[in-house]
Amino acid sequence: MKKIVLALMLVLPLGAFAQSTLKIGYINRNELAQAMPEYNAAMKQLEDLRLTYTTEGQKLQEEAQRKYQEYVAQQDTLDAAIRQYKESELMRLQQSIEEFGRSADTNLQNKNQELMAPIIQKMNQAISQVGDENGFTYIIDNTAGILAYTSQNAIDVMPLVKKKLGIE
């Protein structure tokens, strides 16, 4: 993103001399996404999935804690072979819990990407349409806040894009 802004800063002055009708707009894509009903539905779906994984992870932790407490209570009376088996079982259970956590994180990331892809595509399409329909040369995403200065001549295209998406 920084490279894009730097390139624009270098190229824009040259283009301004060559073309007097340079029209620049800006938009905060994160704010736009959060205003979309699809975003709220996706976030709800992700939160539900995260809660499911959290609940299941807690059950696994409780089971591991229960088995560990049973082992500690019996370890002095257990035969060496049984003690070794129970220790191995506890280690496998802990490894299983760790693998479950990694798998849950990966699944949540994949689900996030899956749910956000159509939202991003719809946003990009609306931004492009607003740019074409209103004669913008550039529409800059100011989400990262790396624009050091925004002229009064720059146009916030958020209302136009929201209207295009049917968002109030």
Side-chain angles (χ1 to χ4, degrees), residues 1-64 93-168:
M1 182 65 176
K2 288 181 182 180
K3 290 180 181 179
I4 293 171
V5 171
L6 182 60
L8 284 174
M9 291 172 66
L10 293 173
V11 173
L12 286 178
L14 298 174
F17 290 119
Q19 182 183 31
S20 62
T21 59
L22 186 66
K23 190 171 179 182
I24 299 174
Y26 62 91
I27 191 163
N28 184 314
R29 291 167 51 84
N30 283 350
E31 186 181 319
L32 177 61
Q34 292 171 10
M36 297 173 68
E38 299 94 325
Y39 178 85
N40 294 327
M43 291 301 106
K44 170 80 171 96
Q45 196 172 346
L46 280 172
E47 180 58 26
D48 290 347
L49 184 57
R50 186 196 62 75
L51 184 58
T52 299
Y53 285 135
T54 299
T55 302
E56 193 61 32
Q58 288 172 342
K59 287 179 188 177
L60 290 171
Q61 288 287 358
E62 290 168 4
E63 179 186 351
L93 185 55
Q94 185 60 39
Q95 290 171 346
S96 176
I97 291 169
E98 290 170 6
E99 177 57 35
F100 175 78
R102 286 189 295 272
S103 177
D105 287 344
T106 300
N107 289 345
L108 282 169
Q109 289 172 358
N110 291 343
K111 189 66 170 178
N112 183 47
Q113 290 174 352
E114 173 189 324
L115 292 171
M116 290 305 295
I119 294 169
I120 291 168
Q121 181 180 6
K122 185 175 181 180
M123 243 181 2
N124 288 342
Q125 183 178 13
I127 292 168
S128 292
Q129 288 173 349
V130 164
D132 290 342
E133 292 168 4
N134 293 278
F136 284 97
T137 307
Y138 301 101
I139 296 179
I140 299 169
D141 182 2
N142 69 350
T143 300
I146 55 176
L147 295 176
Y149 171 74
T150 303
S151 166
Q152 292 179 358
N153 296 332
I155 300 166
D156 181 1
V157 298
M158 182 71 75
L160 297 171
V161 175
K162 281 184 171 181
K163 183 177 179 182
K164 176 66 69 180
L165 292 170
I167 301 170
E168 295 298 320

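Positions are given from 1, in the same order as the sequence printed here.
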Between the CG atom in Asn124 and the CD1 atom in Ile119, the distance rounded to the nearest 0.5 Å is 12.0 Å
Apply side-chain contact (heavy atoms from CB on, under 4.5 Å) to Arg102 and Glu99, showing your working. CA-CA 5 Å; Arg102 286 189 295 272; Glu99 177 57 35; 3.1 Å; yes
For the atom pair CG (Leu32) and CD1 (Ile127), what is the distance rounded to the nearest 0.5 Å? 5.5 Å
Got a list of side-chain donor-acceptor pairs under 3.5 Å for residues 47-55, not counting sequence neighbours?
from: Glu47; atom 1: OE1; to: Arg50; atom 2: NE; distance (Å): 3.1
from: Glu47; atom 1: OE2; to: Arg50; atom 2: NE; distance (Å): 3.4
from: Glu47; atom 1: OE2; to: Arg50; atom 2: NH2; distance (Å): 2.3
from: Asp48; atom 1: OD1; to: Lys44; atom 2: NZ; distance (Å): 2.9
from: Asp48; atom 1: OD2; to: Lys44; atom 2: NZ; distance (Å): 3.0
from: Arg50; atom 1: NH1; to: Thr54; atom 2: OG1; distance (Å): 3.4
from: Thr52; atom 1: OG1; to: Asp48; atom 2: O; distance (Å): 3.0
from: Tyr53; atom 1: OH; to: Asn107; atom 2: ND2; distance (Å): 3.1
from: Thr54; atom 1: OG1; to: Arg50; atom 2: O; distance (Å): 2.9
from: Thr55; atom 1: OG1; to: Leu51; atom 2: O; distance (Å): 2.9

How many angstroms lie between atom CE of Met36 and atom NZ of Lys162, to the nearest 0.5 angstrom? 11.5 Å
Is there a side-chain contact (heavy atoms from CB on, under 4.5 Å) between Met43 and Met116? Walk through the geometry before answering. CA-CA 9 Å; Met43 291 301 106; Met116 290 305 295; 3.9 Å; yes
Between Asn30 (side chain) and Thr143 (backbone), is there a donor-acceptor pair under 3.5 Å? no
Residues in side-chain hydrogen bond (donor to acceptor under 3.5 Å, both in side chains) contact with Lys122, at least two apart in sequence or another chain: Glu38
Please check: side-chain N/O of Thr137 versus main-chain N/O of Ile24, any donor-acceptor pairing under 3.5 Å? no
Euclidean distance, Glu31 CD relative to Met158 CE, rounded to 0.5 Å: 4.0 Å
Hey, mind stepping through Ile27 and Val130 against side-chain contact (heavy atoms from CB on, under 4.5 Å) and telling me if it holds? CA-CA 11 Å; Ile27 191 163; Val130 164; over 6 Å; no
Roughly how far apart are Leu93 CG and Ile97 CD1, rounded to 0.5 Å? 4.5 Å
Donor-acceptor check, side chain of Lys23 to backbone of Asn134, threshold 3.5 angstrom: yes or no? yes
State the CD-CG distance between Gln129 and Leu160, to the nearest 0.5 angstrom. 12.5 Å
For side-chain contact (heavy atoms from CB on, under 4.5 Å), just list the numbers for Tyr26 and Ile139, CA-CA rounded to whole Å, side-chain angles, deciding distance to a tenth of an Å, and then say yes or no. CA-CA 5 Å; Tyr26 62 91; Ile139 296 179; 5.9 Å; no
Heavy-atom closest contact (Val161 atom, Ala126 atom, distance): CG1-CB, 3.9 Å
